[in-house]
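Treat the numbers as computed from the prediction; the structure is a model and nothing was measured.
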Amino acid sequence: MADAGGTIELLRLVRSENTYTLQPFSRLALEKQCLALSLDWSTGRTGRASDQPLNIVSSDSTGQLHLLNVDEAALRVVATWQAHCFEAWIAAFNYWQTEIVYSGGDDGLLKGWDTRTPGTPVFTSKRHSMGVCSIQSSPHWENILATGSYDEHILLWDTRAMKQPFADIPAQGGVWRLRWHPYHQHLLLAACMHGGFEIFNCQKAIEEKQEVCTASESHMLPNSLVYGADWSWLYFCHLPQTQQGPCLGSFPYSNPEARTADPTYNLKVVGQLPAPSFGPSADDSGEVGTKLQSGNKLMTSLQPLTEDMRKSGGRPHTAGTKACDSGLSLEAANPDVNLLATCSFYDHILHLWKWESS
């Protein structure tokens with residue numbers, strides 16, 4: 001966690017008698033009189049090799065980047081360097097070559113750095129016209145990088161040729177956070193401040209290098225600014241009507257605020273808006289499109305995303321694999337139902353959404 005006190009803090013998820021709690025594990029102050037503005041883990045792709053160090057890169061309000069190492073004992077500073085003249089809003093790893101990190105600042109610059117020689121940038125881009133505040137390397141495509149800015153544009157880059165992006169995607173607001181879907185390789189979630197959040201399908205842009213990304217979904221939250229958005233690593237599975245007992249990692253009741261016998265399956269929605277529906281959506285004619293629901297409409301079972309699913313591009317393996325206590329096969333998984341979370345300013349609400357696509 002990066003906080004406004006200029007501290008990076010690690011927390012453990014610990015199970016107690018009735019619930020799970022987050023407990024502090026280690027913390028490190030970056031600099032005096034600064035705000036920690038972002039962090040990224042070096043393990044964003046598929047974990048790490050046994051000999052690969054576990055690192056974090058962080059940025060702060062003085063324009064500095066900090067490379068930190070994580071071991072069993074504590075956080076340790078590996079390197080600190082000045083990257084931007086003003087706030088360094090974002091820092092992120094190249095997940096495929098973790099010696100390389102990227103940064104974006106309020107100076108409107110996107111920069112690349114080799115952490116083995118961090119004093120001089122590998123490249124500097126002025127392609128964004130305003131502050132660069134979101135960056136994420138694709139966990140699925142080795143040379144794909146997404147960046148976002150106050151200029152209300154998302155740029156897709158081939159990291160082998162950083163002079164110009166290969167796609168320029170207009171957004172509905174300043175792009176404060178970008179997140180690739182953990183197993184649907186072409187889906188990109190964007191937190192767009194006053195524009196709410198949007199989900200883009202970047203398949204043609206990535207595979208055919210066409211400057212075409214369709215907005216599969218968009219939703220504006222009134223009287224709020226969406227600064228954070230992320231996908232869940234859980235997936236839904238179909239449960240038979242007669243199925244008894246919850247699946248592992250599931251929410252077995254339609255009411256997410258209900259108390260359950262096993263606290264593992266509790267879900268408390270901090271706050272939600274009425275569930276919006278976007279067209280085209282399922283109607284009496286039987287035509288099916290997309291549907292978005294807020295947390296109070298979440299229905300039945302969720303399963304954790306497995307490593308095999310990531311490697312296979314998202315479709316569950318079925319050979320001899322049992323996903324649920326009840327013996328339900330992963331064939332029951334529904335890859336067209338996804339969970340995502342957004343957080344917003346002013347109203348201080350965390351929303352949990354279920355997104356159905358077909």
Looking at [X] and [Y], what are the two nearest heavy atoms and their distance?
X: Cys133; Y: Val175; answer: SG-O, 3.2 Å
X: Gly104; Y: Ile135; answer: N-CD1, 3.7 Å
X: Ser149; Y: His128; answer: CB-ND1, 3.2 Å
X: Val337; Y: Tyr183; answer: O-OH, 4.3 Å
X: Thr342; Y: Phe197; answer: CG2-CD2, 3.6 Å
X: Ala83; Y: Lys111; answer: O-NZ, 2.8 Å

Legend entry - Heavy atoms of other groups near Gln33 CD, more than 12 under 6.0 Å: no
Inset, instruction - For atom CZ of Phe123, decide whether the heavy atoms of other residues, nucleotides or ligands shown that lie under 6.0 angstrom number more than 12. - result: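 It does: Phe123 CZ has more than 12 such atoms within range.
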What about [X] and [Y], same hydrophobic cluster or not, with Ile/Leu/Val/Met/Phe/Trp/Tyr joined at side-chain heavy-atom distances under 4.5 Å?
X: Val78; Y: Phe93; result: yes
X: Tyr150; Y: Leu225; result: yes
X: Leu54; Y: Ile56; result: yes
X: Leu68; Y: Val70; result: yes
X: Val226; Y: Ile199; result: yes

Rounded to the nearest 0.5 Å, what separates atom [atom1] in [X] from atom [atom2] in [Y]?
X: Ile206; Y: Glu208; atom1: CD1; atom2: CD; value: 11.5 Å
X: Asn94; Y: Ser42; atom1: CG; atom2: OG; value: 11.5 Å
X: Arg160; Y: Glu142; atom1: CZ; atom2: CD; value: 8.0 Å
X: Ile90; Y: Trp176; atom1: CD1; atom2: CH2; value: 8.5 Å
X: Arg27; Y: Leu10; atom1: CZ; atom2: CG; value: 10.5 Å
X: Met130; Y: Glu152; atom1: CE; atom2: CD; value: 8.0 Å

Indicate whether any N or O donor in one side chain lies under 3.5 Å from an N or O acceptor in the other, for [X] and [Y].
X: Asn69; Y: Asn55; result: yes
X: Ser344; Y: Asp347; result: yes
X: Trp81; Y: Gln64; result: no
X: Tyr95; Y: Asp40; result: yes
X: Tyr346; Y: Asn223; result: no
X: His186; Y: Glu207; result: yes
X: Trp89; Y: Ser38; result: no

Is there a side-chain contact between [X] and [Y], using heavy atoms and a 4.5 Å cut-off?
X: Leu145; Y: Leu156; value: no
X: Leu188; Y: Ile154; value: yes
X: Trp96; Y: Ile144; value: no
X: Leu39; Y: Ile8; value: yes
X: Leu30; Y: Ser58; value: yes
X: Leu65; Y: Trp113; value: yes
X: Thr147; Y: Tyr102; value: no
X: Asp107; Y: Phe86; value: yes

Using only atom types and a distance under 3.5 Å, with no angle test, would you say the side chain of [X] pairs donor to acceptor with the backbone of [Y]?
X: Glu31; Y: Gly6; value: no
X: Ser59; Y: Ala88; value: yes
X: Ser26; Y: Leu75; value: yes
X: Gln82; Y: His84; value: yes
X: Ser134; Y: Gly148; value: yes
X: Thr7; Y: Glu9; value: no
X: Thr115; Y: Glu99; value: yes
X: Trp180; Y: Gln185; value: no
X: Ser232; Y: Leu339; value: no

Legend entry - N-O pairing of Arg177 and Asp230 below 4.0 Å: no
Inset, instruction - Can you label the angle between the Phe345 ring and the Tyr227 ring as parallel, tilted or perpendicular, going by 30° and 60°? - result: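 Phe345 and Tyr227: perpendicular rings.
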Legend entry - Stepwise side-chain contact (heavy atoms from CB on, under 4.5 Å) check, Thr43 with Arg45: CA-CA 6 Å; Thr43 53; Arg45 185 164 63 97; over 6 Å; no
Inset, instruction - Evaluate side-chain contact (heavy atoms from CB on, under 4.5 Å) for Glu198 paired with Glu217, printing each intermediate quantity in order. - result: CA-CA 6 Å; Glu198 297 186 77; Glu217 200 72 69; over 6 Å; no
Inset, instruction - Go through the steps for Phe200 and Leu189 under the test side-chain contact (heavy atoms from CB on, under 4.5 Å), then give the verdict. - result: CA-CA 6 Å; Phe200 295 95; Leu189 173 63; over 6 Å; no
Legend entry - Residue pair Asp168, Arg127: steps toward the side-chain contact (heavy atoms from CB on, under 4.5 Å) verdict: CA-CA 10 Å; Asp168 185 337; Arg127 180 59 174 74; 3.0 Å; yes
Inset, instruction - Show the numbers, then the answer: is there a side chain to side chain donor-acceptor pair (under 3.5 Å) between His66 and Thr80? - result: CA-CA 5 Å; His66 308 266; Thr80 294; 3.1 Å; yes
